[in-house]
Undergrad: 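Provided herewith is a single structure, encoded as structure tokens, for subsequent inquiry.
Hydrogens, waters and symmetry mates are skipped; everything else that's a heavy atom, side chains included, is used. By convention in this document, chain letters (A, B, ...) are assigned in the order of the sequence lines, proteins followed by strands, and residues within each chain are numbered from 1. The structure presented is a predicted model; accordingly, all values stated were derived computationally and were not measured.
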There are 2 protein chains.
Amino acid sequence: MADRGRRDQILHAARTLFSEKGYHATTIRDIAQMSGLLSGSLYAHIRTKEDLLFEITDEVADQFLEGLQAVVDSADPPPVKFRRALVSHIQVVARNLDAARVFSHEWRALQGERRDRIQQKRDEYERLWTAVLSEGVAAGWFYPSHQRFARMVSLSVANWVYQWYDPSGQLSPEEVAGRLADVLLTGLQKPAASSKAPMGEVSSACPTE
Amino acid sequence: MADRGRRDQILHAARTLFSEKGYHATTIRDIAQMSGLLSGSLYAHIRTKEDLLFEITDEVADQFLEGLQAVVDSADPPPVKFRRALVSHIQVVARNLDAARVFSHEWRALQGERRDRIQQKRDEYERLWTAVLSEGVAAGWFYPSHQRFARMVSLSVANWVYQWYDPSGQLSPEEVAGRLADVLLTGLQKPAASSKAPMGEVSSACPTE
DNA sequence: CCTACCGATCGGTAGG
DNA sequence: CCTACCGATCGGTAGG
């Protein structure tokens with residue numbers, strides 16, 4: 001309790017370094033130095049290096065899940081849910097840039113049961129996205145043939161946001177999410193161009209999935 | 001020359017292990033064992049562990065660049081180029097699953113000049129995607145307001161494909177790319193649903209870039 | 001929280 | 001390509 005601040009400092013250092021150099025390339029001495037301690041002293045506050053990785057990863061996983069769960073539970077129509085799901089994701093990334101990177105890139109360094117637990121949360125997150133999209137299909141808003149690929153595209157976008165999103169830039173998470181949603185909901189092409197239909201409709205041959 | 005086969009074997013082992021466990025978590029002894037050698041014997045064929053990472057990363061980077069350059073150089077209309085760019089990318093991923101993972105995840109482990117060289121190729125690849133999209137905007141096919149976000153979405157999708165694409169699955173790279181292109185070019189929503197316009201058009205407030 | 005240090009393992013080398 | 005081994009560094013511990 002008394003060293004709550006110190007522990008947060010250590011967690012912050014670990015987040016920064018894991019995000020920057022990766023888990024395995026970060027040494028316990030790096031973390032200690034950034035926390036203003038010597039390496040041996042770290043162990044007054046943590047048990048293992050892997051504890052830090054798990055704590056960082058698990059915490060942001062919960063944020064992703066809580067945010068998306070609230071969207072799924074709402075009564076909004078599917079396209080609004082879709083937008084809000086993107087907003088939620090990008091907000092979590094924007095508020096936890098380093099942790100989001102670690103969550104996306106470094107969770108494989110976890111072992112055994114803890115790795116399984118993070119994997120379960122990742123799977124659960126994917127299920128919630130699927131729920132948003134399949135609800136849209138069921139209510140007649142989205143193309144059934146697009147469902148599986150729409151999920152892949154959405155998850156790709158979501159999982160890549162931390163690579164390019166700049167929280168200190170001009171666009172808020174809500175604005176970025178809104179424009180991404182525009183691209184995904186409306187498509188790239190202008191209606192006039194789209195009606196020219198330059199190639200055969202591959203999607204018409206798609207099973208519902 | 002005489003041990004060309006052995007060197008390829010070592011490269012193959014390194015690709016597999018770097019992809020699976022990451023560069024830093026893979027030891028020289030892991031690579032040697034998978035190649036049927038003892039660790040010391042590896043150094044008859046390689047100079048350093050980092051050489052292996054660079055060779056793997058650089059080779060697949062060139063494949064990405066050559067494929068996309070051919071698309072950019074073609075005379076096809078922009079939406080066809082967009083489709084073909086996705087096809088090219090997914091073909092490279094499908095034919096080099098492990099190398100593509102390493103390219104996306106592990107290149108940061110490179111140091112100094114070699115890291116710069118891979119970074120340059122990554123930048124060049126992004127420029128080629130930008131060319132495909134801006135050409136589409138210039139010719140009036142794509143929304144100017146979507147350009148930056150369309151690039152982010154396209155690169156996100158491209159960079160995430162190796163996470164879920166199954167080369168032994170039923171869909172060829174061309175089919176997967178075609179359906180992804182459908183989602184991106186046409187949007188998620190059915191025309192009827194899309195005309196209901198559930199939320200204000202954020203995109204109308206977008207500057208051109 | 002520091003001093004002092006541990007066993008293990010790392011990438012890589014020498015000599016044959 | 002193996003045997004034998006290196007210096008360095010790793011995550012972590014004991015004792016205070």
Undergrad: Summarise protein proximity over nucleotides 11-16 of chain D in one line of letters, 5' to 3': B for base, S for sugar-phosphate only, - for none, counting protein heavy atoms closer than 4.0 Å.
TA: BBB---
Undergrad: Tell me, do A/F142 and A/L185 make a side-chain contact under 4.5 Å, heavy atoms counted?
TA: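 Side chain of A/F142 against side chain of A/L185, heavy atoms only: contact under 4.5 Å found.
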Undergrad: Give the dot-bracket string for DNA chain C, reading 5' to 3', where a pair is Watson-Crick or G-U wobble with both distances under 3.5 Å, ( ) marks pairs inside the strand, [ ] marks pairs crossing earlier ones, | marks a partner on another strand, and . marks unpaired.
TA: ||||||||||||||||
Undergrad: Starting at atom CG of B/L38, determine the distance to atom C1' of D/dC1, rounded to an integer number of angstrom.
TA: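 It works out to 9 Å between those atoms.
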Undergrad: Could you tell me how far apart A/K21 (NZ) and D/dT9 (C1') are, to the nearest whole angstrom?
TA: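 Result: 13 Å.
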Undergrad: Quick one: side-chain contact (heavy atoms from CB on, under 4.5 Å) partners of B/V132, sequence neighbours excluded?
TA: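 With sequence neighbours excluded, B/V132 shows a side-chain contact (heavy atoms from CB on, under 4.5 Å) to B/V72, B/K81, B/F82, given in chain and number order.
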Undergrad: Please enumerate all residues that pass side-chain contact (heavy atoms from CB on, under 4.5 Å) together with B/E124, with sequence neighbours excluded.
TA: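 Counting only residues at least two positions away or on another chain, B/E124 forms a side-chain contact (heavy atoms from CB on, under 4.5 Å) with B/L65, B/Q69, B/R127, B/L128.
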Undergrad: Of all residues at least two apart in sequence or in a different chain, which pass the salt bridge (charged side-chain N to carboxylate O under 4.0 Å, His left out) check with A/D116?
TA: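 None.
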Undergrad: With A/K49 as the cation and A/Y43 as the aromatic partner, state whether NZ or CZ is under 6.0 Å from the six-membered ring centre and within 45° of the axis.
TA: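 No.
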Undergrad: What is the separation between atom CD1 on B/I31 and atom P on D/dC1, rounded to the nearest whole Å?
TA: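 Going from B/I31 (CD1) to D/dC1 (P), I get 16 Å.
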Undergrad: What residue among B/T57, B/D58, B/D51 forms side chain to side chain donor-acceptor pair (under 3.5 Å) with B/R114?
TA: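 Among B/T57, B/D58, B/D51, the one meeting side chain to side chain donor-acceptor pair (under 3.5 Å) with B/R114 is B/D51.
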Undergrad: Taking the six-membered ring for Trp, is the centroid-to-centroid distance between A/F103 and A/Y162 below 6.0 Å?
TA: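 Ring-ring flag for A/F103/A/Y162: false, centres at least 6.0 Å apart.
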Undergrad: With B/R84, which residues qualify under salt bridge (charged side-chain N to carboxylate O under 4.0 Å, His left out), at least two apart?
TA: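 Partners of B/R84 under the salt bridge (charged side-chain N to carboxylate O under 4.0 Å, His left out) test: B/D76.
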